[in-house]
Amino acid sequence: MGLTTQSLASFLSATTSACPLGYSTTSKQPKLAAPSSTTSLNLVSTRVRCSLKDEQSRSSFLMDRRDMLVGLGGLYGATEGMLAANAAPLEPPDLDDKSACVRATENNIEKKCPGTDLLNCCPDYQGNPVTVKNYDFPKTTLRVRKPAQKVANDPVYMNKYKMAVHKMKGLPDEHPWNYYQQAKVHCAFCNEAYHQENGVPLQVHNSWIFLPWHRYYLHFYERILGKLIDDETFALPYWNFDYGDGMTMPTIFLDTTSPIYNERRDMDHYPPALVDYKYAYTDGDSGLEGDDLVHENLDYLRRTFKEGLPLPELFMGDRVRAGEEADATKSLGQLEAIHNALHFWVGPKESPHIDMGSFATAARDSIFFCLHSNVDRLWEIYRRRRNYCNEFNDKDWLESTFVFYDENKEVVKVQVKDSLNINNFCYTYEASPTPWLDAVPKKKLKTKPKGQLVQVKEFGSGPRALDRVIQVILTRPKKSRSKEEKKAMSEVLLIDGIEVTDSNEARFDVYVDALVGSDRAGPDKGNFVGSFVRLPEAVKAMKAKGKKGQFKLGLTGVLEENEIEDAEKILLTLVPRVGKVTIGGVSVLLFQNDVNCPYG
């Protein structure tokens, strides 16, 4: 039986409430029969023992490029081990203590919808006696996640996907598998509902936890969908926004009669509009169109990989240990920054930018899981490029523990170390082009600066408001480094003392260039390096606790590619995009690379 327009229209018309944004906290809808047996995907014959360390099943679909060495271990760095000696891995919250979970915080939503149930994100089983088990990974059919634009032409798959979500939305409101209960999982761990023993919030963004936690979140969500339609082969689609043909909002989410539709998106960004990795609400996008925008996006991703391969914290985010807070003082990785920009781009322009523009509500839109499937795919490509070395050979990362409600209706605990082999999960990705991966960057032609030159100085000792473009001189720790020196250490820009002085989202972009003479800058911003991009939840926590953040970007590649590496001093340009931001200081440092990992 397929989904009918009448039944879906009944569901959509029922989801209204008194909240001025039109949000519903219920999920009542008519029941539909399960898909008929004729809609089978015929993948049951591909059963593999994928929970074992079978490298062939892990990698045969993922990439259409050269084979690589697999399974070579790598140490992250001796100094990190010493620094972590007195720390501990993150632990899950106490589910038996009702007071351990509180109403989530999101200032913009509270202002627009005071008292809304959207921020009541604690699970219904919180405070009741709960048995938490170690998760047994399934030995099942290998699930293949395919590009969203491909499954759009597969009516059998789309009927299954819609039916699964429809059934999830039709479960009782308090059922842990219910669509909105599943969305609240993200809210609880991203918006200060759960706290650690010392009162510091548990936060799964802005650190090395971001990618592993979301891998598990997708896994359990996907397994539950498959369970609801009795199809263990069911896999989520991925939005391959890293390829030109995939840089539009997937059309599978635009059918207004579908259970995977969400009306709270920026309709100006419907196809044929292209994703812009540099999007910000207030001044729009980068101003590029067509092939130029595609190239700019892909080059941003190429640089993210190039700088992050030898130094994982630039790609993954900073370390966060038990008792520490990810929002306040940690630097997010650049893959997460790109991901944040897509949250901006999909969600509505108007504050509070929900659903997708707020971590509290993002998972209420099915496109969230499609976006994160590709983020997870990009992480797996990154891990393959690093020959599956551990990004951090640190027990505080490897033994960080999370809890989820699984497809067998049990509360289970999982650890980061078990997320590092996707064979454990029995899924893989159908290959999609990755033109950015080995692309050769276009050299920027050196021309005499046109227009008025301005004198620039060093940043100074005090904080500065980023209420206009700031250009300063940076002194590098060493110029003209050898190939061996670059392999051993990465040159990193550190921006510290970051304070967002309102409770809104924030973004600023970073550029570097050669100075004109000893202390002059032309009108050109220079060479793009990366962006600081935060959604409102993170900046609210920083403001409320009086803490200031930091941000790191790799410089080795951009200086080399633009022939600036022989300069003792360089020009730094900070461009405010959205939010009220203050910067405490800037510096360039050398960071020890993961020299034991043969990345390529």
- Message: For the residue pair Trp397 / Gln415, report whether a side-chain donor-acceptor contact shorter than 3.5 Å exists.
- Response: no

- Is the His339-His372 ring centre distance short of 6.0 angstrom? yes

- Item | Glu430 and Lys150 ion-paired at < 4.0 Å | yes

- Item | Pairing residues for Cys370 by the disulfide (SG to SG under 2.5 Å) criterion, not counting sequence neighbours | none

- Run the ring-centre check on His214 versus His205 and record whether the distance is less than 6.0 Å. yes

- Task: Could you tell me whether Arg265 sits above the aromatic face of Tyr261, with NZ or CZ closer than 6.0 angstrom to the six-membered ring centre and within 45 degrees of the axis?
- Result: yes

- Note on the structure: Contacts of Asp255 meeting salt bridge (Lys or Arg N to Asp or Glu O under 4.0 Å) (sequence neighbours excluded), chain-then-number -> Lys162

- Item | Ion pair check, Asp242 and Arg377, cut-off under 4.0 Å | yes

- Item | is_close_aromatic(Phe189, Tyr217), centroid dist under 6.0 Å | no

- Message: Would Cys101 and Cys121 count as a disulfide pair, i.e. SG atoms separated by less than 2.5 Å?
- Response: no

- Kindly check if the number of other-residue, nucleotide or ligand heavy atoms within 6.0 Å of CG (Asp97) is above 12? yes

- Verify the ring-centre separation between Trp239 and Phe253: is it less than 6.0 angstrom? no

- Task: Indicate, with yes or no, if the rings of Phe220 and Tyr135 have centres closer together than 6.0 Å.
- Result: yes

